[in-house]
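Note sheet for the following structure.
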Amino acid sequence: MEFGIFVQGYVPASRARTDPQAEHHALMEETEYVIQADRSGFKYAWASEHHFLEEYSHLSANDVYLGYLTHATERIHLGSGIFNPLPQVNHPVKVAERVAMLDHLSSGRFEFGTGRGAGSHEILGFLPGITDMNDTKEIWEETIAEFPKMWLQDTYEGFQGKHWSLPPRKILPKPYGKSHPAMWYAAGSPSSYAMAAKKGLGVLGFSVQKVSDMEWVVDSYKTAVRDAEPIGDYVNDNVMVTSTAICAETGKKARQIAASSNLNYLQSLLFRYHDTFPRPEGIPQWPELLPDYNEEIIEFLIAEELMICGDPDEVLAQCKRWEAAGADQLSFGLPVGVPYEDTLRTIRLIGEHVIPEIDTDPVHRTTRFRAAAGA
């Protein structure tokens with residue numbers, strides 16, 4: 001199992017009240033998390049694309065952000081988590097161009113993740129007339145298979161669809177080297193995992209909550225991907241899942257950090273904006289918040305495998321549960337309200353004590369897939 005981190009530009013109101021430059025500081029700190037993850041042996045860093053989601057995610061121009069990180073890092077793969085390819089948000093040709101450019105700047109380290117938007121607040125900003133958020137699926141389905149053609153055809157054959165069109169044109173630049181970046185889809189339901197598998201796409205499992213919820217979904221993906229009809233140059237047989245992670249020198253210290261970091265606020269914001277996700281029983285409607293987390297609740301979340309928290313040995317054991325469940329990549333959502341130095345400590349400790357025990361392959365999984373396709 002490989003490891004990654006996920007950043008999103010989290011700027012809670014509590015931080016903004018005490019720091020006039022909170023937004024700037026948050027974005028700059030998150031670049032430092034990615035740089036430290038690169039030094040610590042993490043293989044992937046994912047950056048969100050969200051719009052209008054105050055507090056929850058101020059990282060909207062992730063192509064610009066990732067462009068900076070291509071120069072600031074050396075080995076880590078940099079992924080769009082996601083680029084939104086709906087033509088009402090980003091014209092597909094411009095998405096293809098940005099992907100290829102980032103692929104060049106990173107010398108082949110770019111990972112192309114796509115999705116359809118976070119929920120009604122975001123989607124209705126760009127498609128104000130729709131009444132069913134699932135309508136975006138048709139637009140995404142119409143678009144996604146065109147990207148490999150834009151990259152691999154000398155002159156793109158053009159496209160005439162229901163939602164966008166383009167005459168034949170040369171789409172430039174082409175990706176770095178042979179083939180194209182690995183393609184991923186942000187899946188929020190079991191049916192989405194199956195759809196991604198059929199198309200040969202890796203899955204960005206941002207909605208996975210606990211290990212037991214994931215096991216059968218991953219198994220169904222792995223079964224379906226064996227019969228994939230890839231829309232791209234190769235099958236990206238890959239399931240990434242996300243979890244919160246807090247690691248400290250002692251388990252007690254890690255639990256104290258977790259209990260004092262207002263994790264309940266981030267979770268409340270998640271369900272405020274991601275209103276297309278299934279809402280578990282007991283999750284209040286915004287602006288009502290989940291109760292404050294104390295150390296007793298943190299212990300419960302650890303026991304239920306809803307977060308990773310503890311000293312390095314504990315975190316290693318918890319990560320091995322995800323590996324045993326079939327995850328190809330475990331990506332930690334950072335930051336979650338945890339102070340800057342504590343977040344850097346988490347990255348360093350996981351890099352020193354956990355990753356070497358689990359990920360012993362020096363080559364990225366997606367690099368192997370891409371190299372085989374371009375051979």
Side-chain angles (χ1 to χ4, degrees), residues 1-4 6 43-44 46 77 79-86 92 95 99 110-118 133-149 151-152 179-243 274 276-278 321-331 361 364-374:
M1 184 176 70
E2 299 177 309
F3 288 84
F6 172 68
K43 283 186 175 174
Y44 301 87
W46 301 93
H77 280 209
S80 53
I82 54 152
F83 281 171
N84 190 324
L86 305 187
V95 173
V99 169
F110 186 69
E111 305 277 334
F112 180 42
T114 70
R116 301 185 281 124
M133 299 307 110
N134 286 323
D135 288 351
T136 58
K137 182 179 179 182
E138 176 185 283
I139 307 172
W140 180 89
E141 291 256 16
E142 179 184 82
T143 305
I144 192 63
E146 296 304 303
F147 290 109
K149 300 175 189 176
W151 295 322
L152 299 177
S179 196
H180 58 76
M183 299 177 67
W184 303 73
Y185 177 65
S189 66
S191 62
S192 296
Y193 279 69
M195 180 275 294
K198 182 178 179 181
K199 294 181 183 297
L201 305 177
V203 162
L204 302 175
F206 294 125
S207 61
V208 172
Q209 294 295 306
K210 57 193 296 188
V211 177
S212 58
D213 289 341
M214 189 200 73
E215 289 175 306
W216 72 271
V217 179
V218 171
D219 184 64
S220 65
Y221 172 91
K222 293 296 182 179
T223 299
V225 81
R226 290 198 290 265
D227 299 318
E229 298 176 3
I231 60 172
D233 209 18
Y234 53 92
V235 174
N236 180 22
D237 177 2
N238 242 319
V239 175
M240 180 274 262
V241 295
T242 54
S243 179
H274 290 267
T276 55
F277 283 179
R321 274 287 293 125
W322 288 98
E323 182 186 36
D328 297 304
Q329 180 188 150
L330 179 57
S331 190
D361 188 345
H364 296 66
R365 185 175 172 88
T366 52
T367 297
R368 294 192 185 280
F369 294 149
R370 182 172 181 174

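Taking the centre of each ring, F110 and F83 come in below the 6.0 Å mark.
Environment of NZ in K222: crowded, with over 12 heavy atoms of neighbouring residues, nucleotides or ligands closer than 6.0 Å.
Panel note: side chain H180, backbone L152; no donor-acceptor pair is recorded below 3.5 Å. Side-chain atoms of E146 do not come within 3.5 Å of backbone N or O of P92 as any donor-acceptor pair. Proximity of a side-chain donor or acceptor of Y234 to a complementary backbone N or O of T366 within less than 3.5 Å is not detected.
Between I231 and L201 the shortest side-chain heavy-atom distance falls below 4.5 Å. With contacts defined as side-chain heavy-atom distances shorter than 4.5 Å, the pair K43/D361 qualifies. You'll find the side chain of F369 reaches within 4.5 Å of the side chain of N238, heavy atoms only. Side-chain contact between R365 and N236: absent, with no pair of heavy atoms (C-beta onward) separated by less than 4.5 Å. The shortest distance between side-chain heavy atoms of M195 and E141 falls below 4.5 Å. In this structure the side chain of T143 never reaches within 4.5 angstrom of the side chain of L86, judged on heavy atoms. Counting heavy atoms from C-beta outward, R321 and K210 have side chains that stay 4.5 Å or more apart. By the 4.5 Å heavy-atom criterion applied to side chains, T242 and W46 are not counted as neighbours.
Annotation: the span from L330 atom CG to E2 atom CD amounts to 11.5 Å, rounded to 0.5 Å. R368 contributes atom CZ, which lies 14.0 Å from atom CG of D237 (distance to the nearest 0.5 angstrom). For the atom pair CH2 (W322) and CZ (F3), the distance works out to 12.0 Å, reported to the nearest 0.5 Å.
The two atoms that bring A196 and Y221 nearest to each other are C-CE1, 4.4 Å, heavy atoms only. Residues Q329 and G4 approach most closely at OE1-CA, 4.0 Å, considering heavy atoms. Shortest non-hydrogen contact noted between G115 and P85 is O-CD, 3.3 Å. The minimum heavy-atom distance linking F112 with T114 is given by the pair CZ-CG2, 3.3 Å. What you find for A187 and S192 is that their closest heavy atoms are CB-CB, 3.6 Å. For M1 against A327, the heavy-atom pair with the smallest separation is CG-O, 3.5 Å.
Below 30°, between 30° and 60°, or above 60°: for F6 and F206 the angle between ring planes is between 30° and 60°, a tilted geometry. Ring geometry for H364 against Y44 counts as perpendicular: the plane angle is over 60°, on a 0 to 90° scale with 30° as the lower cut.
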Practice item. Begin from the C-alpha positions of R116 and Y185 and carry the test side chain to side chain donor-acceptor pair (under 3.5 Å) through to its verdict. Key: CA-CA 9 Å; R116 301 185 281 124; Y185 177 65; 2.9 Å; yes
Check your understanding: Would V99 and W151 count as a side chain to side chain contact (heavy atoms under 4.5 Å, CB included) if you check the C-alpha gap in whole Å, the side-chain angles of each, and the deciding distance to 0.1 Å?
Key -> CA-CA 10 Å; V99 169; W151 295 322; 3.4 Å; yes
